Amino acid sequence: MKLLAGALLIGFASLASAQSSIVVGGGATLPASGYAGDTTTRLQGPLHSPATGQGTLLGEYAATQASTLSVSYCQTGSGGGKNILAGNQLTAFAVNADCVASPNPIGFGATSLGETLAQPHFVGSDSPLAATDLSNYAAGHTSGQPVQIPSVSGAIAIVFSKIAHNTATNVDEPLPALNLTEAQVCRVFSGNVKTWNDANLASAIPSGYTVSGPIKIVYRSDGSGTSFAFSNHLSKVCGSAVGTGGNGLATAFVTDQAFTTAASAYLTTYSSSDGASGNPGVITEMLKPANDGAIGYAETANALNAGVLFASVSTRAAPTVFIDPSTYGGTVLPVSVTYDKVISSVNGFGRPVLGNSGFTTQCIGIVNPEDYAEPTTGDYPIVAVSYLLANSAANGLDVDHVRGVLYSPYDPAVTPNVATIGEFTGLSFLSINGVTDPTQIQTKINGCVN
């Protein structure tokens, strides 16, 4: 056993000393269409624009590098991505394991791409680092720390599938639209509204259509940053007036990356429900004829690419305006980033609480979830902030490419060529703390990733 352990250490040391031809990453499914384009397969890439991934963030980053370099991205979900970064559950989550859709991806597919890695190059997550993630990371590493940089924001769509009766033509056809108030969102996802013909849902149905039958809730079954952001919105908007400034219609939502935890108080009240892995999995469920009557949540870009219908949602602030999530992304979203903090807990109202990470390196950047739980600018109200993560140490000869990927959402050599993030994509770029000189962000990343 000692000889085997020594051989493994020597092997990992040799891996770190060799430069990779493919920068291997994965994680969150919400930004995947922006990062790598087509989301119909879990493993995206290898990408190097213009041959592959033209107009995508990772494809255009690769285009700024040597022609022999490409980037891959596996859609594991945020929770799986963070577990692969932690490296403490190698039989369940490992960078070299296959990136396959069923039942859930447990690796980034490095071996299938011809790379054998000791650690991932980068990870995407819409669920920011929590205290438990740091504990997992410490268990999987003898040195270093995770690095976390905000990358993009995304609109979370309320997707639906419903056959309705057109009273003008006397024909049954897909319901063409749905206009939901925040109160109706709260009632549907708390199980207070269980049927399509509930009086509390009547105002959401377009004139000239009648609907009936049970509502089936489709949610993310995996550890999901989309679930984190959606429940961050629900716990804020549906919570008590005193505790969260909410409407008080569903006060038991908890912000969590597991929807079964976030909505544990309500799961048994649904007419029916179904869990699916990844945003693509939710979209697949919505397309099944057997799921007529389903309502779920997914990244807007996934719904757009698959032709799945989604609701317009109104903000609570007057006047009532129903906003289409596909219009999201036209402007850069300014965010305030705090360093050396993580999600430490949730309070008695289900709201996330920031606590000290134990590091003072300013290499873990986080946007307080309170800041985007309910945007006040009149934009689409249900949004997520996504992050790129990496290891601070042991990046070896790949260090410049790891730094480059984390910097790519701010890199003026990359972003002008990206068509998958921006207006009408459901994804937007960010500006951090009012910084106008992107080289300041590059300097911070370079100091954190070694």
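Bear in mind the structure is a predicted one, so any value in this text is a computation, not a measurement. Hydrogens, waters and symmetry mates are skipped; everything else that's a heavy atom, side chains included, is used.
- Remark: the backbone N or O of Thr40 is paired with a side-chain donor or acceptor of Asp38 at under 3.5 angstrom.
- Tyr372 and His233 share no side-chain donor-acceptor pair at under 3.5 Å.
- Panel note: side chain Asp133, backbone Ala130; a donor-acceptor pair is recorded below 3.5 Å.
- The main-chain N or O of Gly278 is found under 3.5 Å from a side-chain atom of Asp222 such that the two form a donor-acceptor pair.
- Between Tyr73 and Tyr35, the distance from one ring center to the other falls under 6.0 angstrom.
- By the 30° and 60° cut-offs, the orientation of the rings of Phe259 relative to Tyr297 is tilted.
- Ring pair Phe189/Phe230 is perpendicular by interplanar angle, where above 60° counts as perpendicular and below 30° as parallel.
- Within the 3.5 Å criterion, the main-chain N or O of Glu370 finds a donor-acceptor partner in the side chain of Asn368.
- Residues Asn302 and Thr39 bring a donor and an acceptor atom of their side chains to less than 3.5 Å of each other.
- With hydrogens and angles left out, the side-chain atoms of Ser235 and Thr255 include a donor and acceptor closer than 3.5 Å.
- Not a single donor-acceptor pair under 3.5 Å links the side chain of Tyr410 to the backbone N or O of Ser431.
- Counting only N and O atoms by type, the side chains of Asn391 and His121 include no donor and acceptor under 3.5 Å apart.
- Under the 6.0 Å distance and 45° angle rule, Lys444 counts as a cation-pi partner of Tyr339.
- Checked by atom type and distance alone, the side chain of Ser127 never pairs as donor or acceptor with a backbone atom of Phe228 at under 3.5 Å.
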Cut-off 3.5 Å, no hydrogens considered: what does the side-chain donor-acceptor table look like for residues 203-212, sequence neighbours left out?
residue, atom, partner, partner atom, Å
Ser203, OG, Gln184, NE2, 2.8
Tyr209, OH, Glu173, OE2, 2.6

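- Using a 4.0 Å cut-off between a side-chain N of Lys or Arg and a carboxylate O of Asp or Glu, Glu285 and Lys216 do not qualify as a salt bridge.
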